[in-house]
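Whatever order the structure lists them in is the order used to number ligands and atoms, beginning at 1. Excluded from the calculations below are hydrogen atoms, water molecules and symmetry mates; all remaining heavy atoms, backbone and side chain alike, are included.
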Amino acid sequence: MTAPSRDDLKSIAAGLKKTALLAGLNDRQLKRLAQLALVRNIPKDSSVVKRGDKGVGFYVVLEGQVQVRKGGKNIARLGPGEFFGELALFDDRPRSADVVTLEPTKVVVLSRWEFWGFASNQPEILRVILQTMSRRLQETDRVPSL
Ligand code: CMP
């Protein structure tokens with residue numbers, strides 16, 4: 001794998017900045033994050049996260065759409081600027097749902113270690129993640145028989 005070029009880093013940083021989660025970061029922090037992250041282009045109809053697997057990554061969608069599925073039910077659709085994979089990182093637990101691509105999708109992946117190294121210095125990021133997690137849990141509660 002080749003190291004990302006300056007232009008790649010710029011476009012990753014620009015994609016990351018569009019996420020509500022990371023919008024508060026300054027340019028230096030975004031560039032640092034872009035250096036840590038891995039960009040993956042995933043074809044349509046591919047599994048990204050499997051329910052029950054050990055969670056090692058945190059994902060931010062740059063382009064495309066993914067579907068979150070649990071117990072055979074579609075529980076959420078996530079697009080550019082949204083993130084997934086946070087639950088298994090907070091608690092050392094298996095993935096709570098399946099996530100599959102609905103179209104060709106570009107994501108940025110941070111490993112558990114990179115994520116924690118970064119987020120522990122950014123309380124605002126942790127606050128946004130916790131807010132989103134609590135909203136997602138409420139939504140999941142409203143889906144019958146999960
Ligand atoms: P994780 O459990 O690590 O892996 C599956 C992911 O699906 C989970 O983290 C969340 O990011 C996401 N997820 C689970 N439930 C919901 C929901 N109700 N709405 C949106 N995303 C969800």
Side-chain angles (χ1 to χ4, degrees), residues 1 4 8-27 29-146:
M1 206 170 36
D8 287 345
L9 284 180
K10 263 194 175 165
S11 84
I12 298 169
L16 292 173
K17 198 176 173 64
K18 281 193 212 140
T19 66
L21 176 66
L22 305 170
L25 296 183
N26 64 34
D27 286 351
Q29 291 167 318
L30 283 167
K31 215 174 135 201
R32 171 92 192 100
L33 192 57
Q35 280 165 341
L36 292 175
L38 193 78
V39 177
R40 273 181 66 196
N41 286 295
I42 310 171
K44 181 177 188 276
D45 295 328
S46 308
S47 163
V48 190
V49 157
K50 271 206 174 75
R51 188 178 183 185
D53 276 2
K54 187 174 164 53
V56 286
F58 172 77
Y59 298 79
V60 181
V61 180
L62 293 182
E63 292 167 19
Q65 289 281 331
V66 299
Q67 180 90 67
V68 182
R69 292 191 182 136
K70 201 165 177 178
K73 295 191 167 65
N74 295 332
I75 53 173
R77 211 178 237 247
L78 305 174
E82 295 181 289
F83 62 85
F84 59 93
E86 77 290 357
L87 290 180
L89 297 194
F90 263 82
D91 195 357
D92 208 0
R93 287 170 57 118
R95 296 294 194 192
S96 61
D98 293 302
V99 181
V100 297
T101 53
L102 293 174
E103 48 187 79
T105 297
K106 188 178 197 173
V107 293
V108 161
V109 194
L110 279 177
S111 74
R112 174 190 294 266
W113 305 275
E114 288 159 350
F115 171 77
W116 278 118
F118 192 78
S120 27
N121 295 318
Q122 319 284 340
E124 180 56 19
I125 288 187
L126 291 177
R127 196 178 67 83
V128 176
I129 294 179
L130 287 171
Q131 263 177 353
T132 309
M133 276 169 60
S134 83
R135 184 174 45 78
R136 287 178 176 174
L137 288 176
Q138 284 173 5
E139 283 166 9
T140 304
D141 276 353
R142 285 200 291 270
V143 181
S145 65
L146 287 179

Identity and distance of the protein heavy atom lying nearest atom 13 (N) of ligand 1: V68 CG1, 3.7 Å
Side chain, backbone, both or neither: the part of K70 lying under 4.0 Å from ligand 1 by heavy atom: neither
Shortest protein contact, atom 11 (O) of ligand 1 (heavy atom only): E86 OE1, 2.6 Å
Any G55 heavy atom less than 4.0 Å to ligand 1: no
Ligand 1 versus L87: contacting region, heavy-atom distance under 4.0 Å: both
N/O separation below 3.5 Å, G85 to ligand 1: yes
Residue pair R136 / F84: nearest heavy atoms and the distance that separates them: NH1-CA, 4.0 Å
Nearest neighbour in protein (non-hydrogen) for atom 8 (C) of ligand 1: S96 OG, 3.7 Å
Over 12 foreign heavy atoms within 6.0 Å of NZ, K10: no
Approximate separation, where rounding is to 0.5 Å, of I129 CD1 and L21 CG: 5.0 Å
Shortest protein contact, atom 4 (O) of ligand 1 (heavy atom only): R95 CD, 3.3 Å
Within residues 106-122 or reaching into it, pairs that qualify as side-chain hydrogen bond (donor to acceptor under 3.5 Å, both in side chains) - sequence neighbours excluded: Q29-Q122, D92-R112, S111-E114
V49: numbered ligand 1 atoms lying under 4.0 Å from its heavy atoms: 4 (O), 5 (C)
Heavy-atom nearest neighbour in the protein, as seen from atom 18 (N) of ligand 1, with distance rounded to 0.1 Å: T140 OG1, 2.7 Å
S11: partners by side chain to side chain contact (heavy atoms under 4.5 Å, CB included), with sequence neighbours left out: none
